[in-house]
Amino acid sequence: MTEPAHRYDAKMANRIEPRWQERWEAEQTFRAPNPAGALAEPDHPRAGAPKKFVMDMFPYPSGAGLHVGHPLGYIATDVYSRYLRMAGYNVLHPMGFDAFGLPTEQYAVATGRQPAEITAENIARYKEQLRVLGMGYDTRREFATTDPEFFKWTQWIFLQIFNSWYDTDADRARPIGELIAAFESGERPTPDGRPWAELSDVERRRIVDGHRLAYVTEAPVNWCPGLGTVLSNEEVTAEGRSERGNFPVYTRTLKQWMLRITAYADRLLADLDGLDWFESLKTMQRNWIGKSTGAYADFATYAGDIRVFTTRPDTLFGATYMVLAPEHPLVDALTAETWPADVPAAWTGGHDTPAGAVAAYRAEAAAKTDVERQADAKVKTGVFTGGYATNPVNGETIPVFIADYVLAGYGTGAIMAVPAHDERDFAFAKAFGLPIRQVIAGATPWDGESAYTSDGEAVNSGFLDGLRVLEAKERVIAWLVEHGRGEGATTFRLRDWLFSRQRYWGEPFPIVYDQTGLPVALPEEHLPVELPHMEDFSPKTFDPEDADSAPEPPLGRAKDWVEVELDLGDGPKTYHREVNTMPNWAGSSWYELRYTDPRSDDRIVDPANESYWMGPSGEGDVGGVDLYIGGVEHAVLHLLYARFWQKVLFDLGHVSSREPFRRLFNQGYIQAYAYTDDRGVYVPAEEVEEQADGVFTYQGQKVNREYGKIGKSLKNVVTPDGICAEYGADTFRVYEMSMGPLADSKPWETRAIVGSQRFLQRLWRNIVDEETGEVTVADVPPSPETLREMHKAIAGVRDDYEHLRMNTAVAKLITLNNHLTGLDPVPREAAEALVAMVAPIAPHIAEELWERLGRTGGIAYVDFPEADERYLVEDTVTYPVQINGKVRGRVEIAADAGEEAVKAAALADEKVAANLVGKDVKKVIVVAGKMVSIVAK
RNA sequence: GCGCGAGUGGCGGAAUUGGCAGACGCGCAGGAUUUAGGUUCCUGUGUCCUCGGACGUGUGGGUUCAAGUCCCACCUCGCGCACCA
């Protein structure tokens, strides 16, 4: 028996889908008109309409291609964009490729090929995979970060950053020329006070370079021998390993490029409030920025003042000892020659001299990995230096320790320890038998069992006694300032962004060095600076554990490229190019902007286009993309960097909004089951069979099921193109959208897809005769019931689309479709409404049916159906009647019946009355339109 | 350890405002079509039951006429942070 010739099945879908994809491409259906420039189109149906800018985090095109987990967000933005377009918006929905970066380079090294070649292949593969899914992108705006026309502007932004400084008074970045002018005029004094005119050229350049937002500095950085490059703090995990590849990372002092993101710490923090992001994500950024307010206080010692940072200056009188980080610069000077006579044994670490104890402890601390250190966090260790310091407020002499619970990299690397009011200090004081003095008292007496960290009143604190914590803080800061022993202070955990990488496949810096060794910015007209072709571009390889190795940028070997003769205004001279490249976060830090004006070649974007798509919508609005969907893994990487660049460009007047992404939605992950055999080896998930008793077998052998990521090594990869071939893209789209809430992670289940297939098949059958291919809908008025179902669906589906609840939208569409299945004939009005509502999710079948229904011009710009309130109200309502919380009967009554009438009807109901026999009705509650609740005894 | 989020049928999930728990789909069972299998279609499907009902949203308590939803305590899982002074 053969199937009906006109049944909607995979074969049919695979005939229909390419046809519509070709037509969308030929007609550029999803092009969005710009207000100005090459992409302006005043006659476009959506020109001048309210706009929406909807985009995904663009993919990194790897050799593995997309698996079914990747397109989840892409489909969601596509559905949302198509819905918005039908709802009347001018929708910008673009896609691009984040193509510079390590994986491609590593693959190129491994296969002896060129990264550019591999990148082009991977992008072609990704584009094909996305095209098959029926994405409605404005393909005119597509780019890869590796395109010279694109990275020309990445380099241009770097120059903007290099050529500006942060004016803390104005609280914004300004062109570096304005700083130079301030030095020249004497408005701003030079660091050593000499007049600007008396400084040498090199001296001046060093001062100016020290103010730039992009600067070269020699500082402790994260060196990852396994990757052959240094990394930013954001790329290192809490375990002290590389985020990519999980290699060990070591601290080494090296000369590297940094971007002054710390200048923006406060604004990056404050502007989070105006963003429509998940609160959890904002919290991650807040934690990463890590703002603390408090004070610096100076403790005098014979080795000089020790400055500490504290958030609790109110507890200064309770400081009974001090602790320095083992790496603190004053440790050596402070370490005494001999122990005091009465030194407790626990303080010496068993050593005869303080110097011996300090040296041993330092060696021990340095040998610990971050993981070990964190594992030991509860056990406080340290040694006494033999030195003492003087508490500025009460002149008390207190011992100074070194301990690894104080971190060199935070605050000043030194603390005053107040064991009574800090958990860590308390633990240390207990371990070392140090005095604990209460200086803040709460309402109830302190038990002394653990640190008291709540609010209270100052006690044992001289001039602070009786003040609340907040007042005491202010008072003591004023005292410190008055006596020159400290000041109020704010510190951040955020560090400057280490921006150079010792790899080949990245954007070259638009920087050369002259004979002074100082950096010189290339003029704009030299952009883009392209990578030289190199046969051997592989980084020097290191043992991942070799902490003593040092990075060597491969570009350093391109001698002809590195050494250039240029005329930068003072005659031809020889310069050396910067041989580091930018991290692969560079391109993604601004790409959203480029979508708004991808063809602009004389400036980064035309302000008319930028402000139309991304500008603030009103007073106080931070501006940015209207919806950005992506994974949560970029919380403190891409999303922080992009916000920073946006703010620099905003300060310099190149863009109109303070934030790049007004609304951000984190989609969940699609995960999958993987199976291992007895040996723990993964077996192909596709060939595993489930037995009736819930046991899973592979080739007859029992296997274990585990749940997790989709990946080659787990042998559980399912590709979207494979699914499309087997079921059709529309079925795939419907399935992914109906799996559950977009934000949730959920398991892939190939066998469940047939449900989505059946839905589309029934939809088709409601309109087209499977045997003849004839359209079977009729121009008959829908019944009141059908009208009600239809308008209920319209109201619900609209609301669901607007709030990205595609899963419940699909359920409502199925419900309406199932209703129509029972009708003969199906009224045209209902069929058309349903097809239009299905169009965002299953665009190919919708276009096909729309055309077969005799409508021309395509469905992309058809008005989305509007619900008519008239059809939503029902004539009668069925009230469930509860007696003491249990449903005992139902009564049907006119929808407009009054409360009394409903009450009377409920009490008169046979079942209700039977249940009330012998009971006293105490109370009857009528919830209009919902239910009746009777309280009886 | 601290912070955040989530626990609902065999499975994915719905109920977003305190108002009939389990929409929709998978799976499963029965039936129709078919030589058969598959496909497709129809019907049923929370658990228990003495067929009246009883029970049921991680556990225990509470508020309420009414609780998956609110409050308190706890358990489990996931995520983030993790000596940040």
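Note: hydrogens, waters and symmetry copies are ignored here, and every other heavy atom, side chains too, is used. Labels below follow one simple rule: chain letters A, B, ... track the order of the sequence lines, proteins then strands, and each chain is numbered from 1.
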Give the rounded distance in Å between these two atoms: [atom1] of [X] and [atom2] of [N].
| X | N | atom1 | atom2 | result |
| --- | --- | --- | --- | --- |
| A:L407 | B:rA85 | CG | C1' | 9 Å |
| A:Y321 | B:rA85 | OH | C1' | 11 Å |
| A:Q671 | B:rG13 | CD | P | 11 Å |
| A:Y410 | B:rA82 | OH | P | 12 Å |

Could you give the distance separating [M] and [N] at their [atom1] atoms, to the nearest angstrom?
| N | M | atom1 | result |
| --- | --- | --- | --- |
| B:rA21 | B:rA66 | C1' | 14 Å |
| B:rC83 | B:rU59 | P | 37 Å |
| B:rG58 | B:rA54 | P | 22 Å |
| B:rU35 | B:rC26 | C1' | 30 Å |
| B:rA73 | B:rA29 | C1' | 44 Å |
| B:rG27 | B:rG3 | P | 44 Å |
| B:rC55 | B:rG61 | P | 15 Å |
| B:rU63 | B:rG52 | C1' | 33 Å |

Sugar-phosphate only, base, or nothing, as touched by A:R758 at under 4.0 Å among non-hydrogen atoms: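 Here A:R758 touches the backbone only, sparing every base.
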Step-by-step side chain to side chain donor-acceptor pair (under 3.5 Å) determination, A:T262 to A:D496: CA-CA 5 Å; A:T262 51; A:D496 276 342; 2.6 Å; yes
Canonical and wobble pairing (Watson-Crick, G-U, under 3.5 Å) of RNA chain B, dot-bracket with |: (((((((..(((......[....)))((((((.......))))))(((....)))..(((((..]....))))))))))))....
Side-chain donor/acceptor contact of A:K380 with base of B:rC83 under 3.5 Å: yes
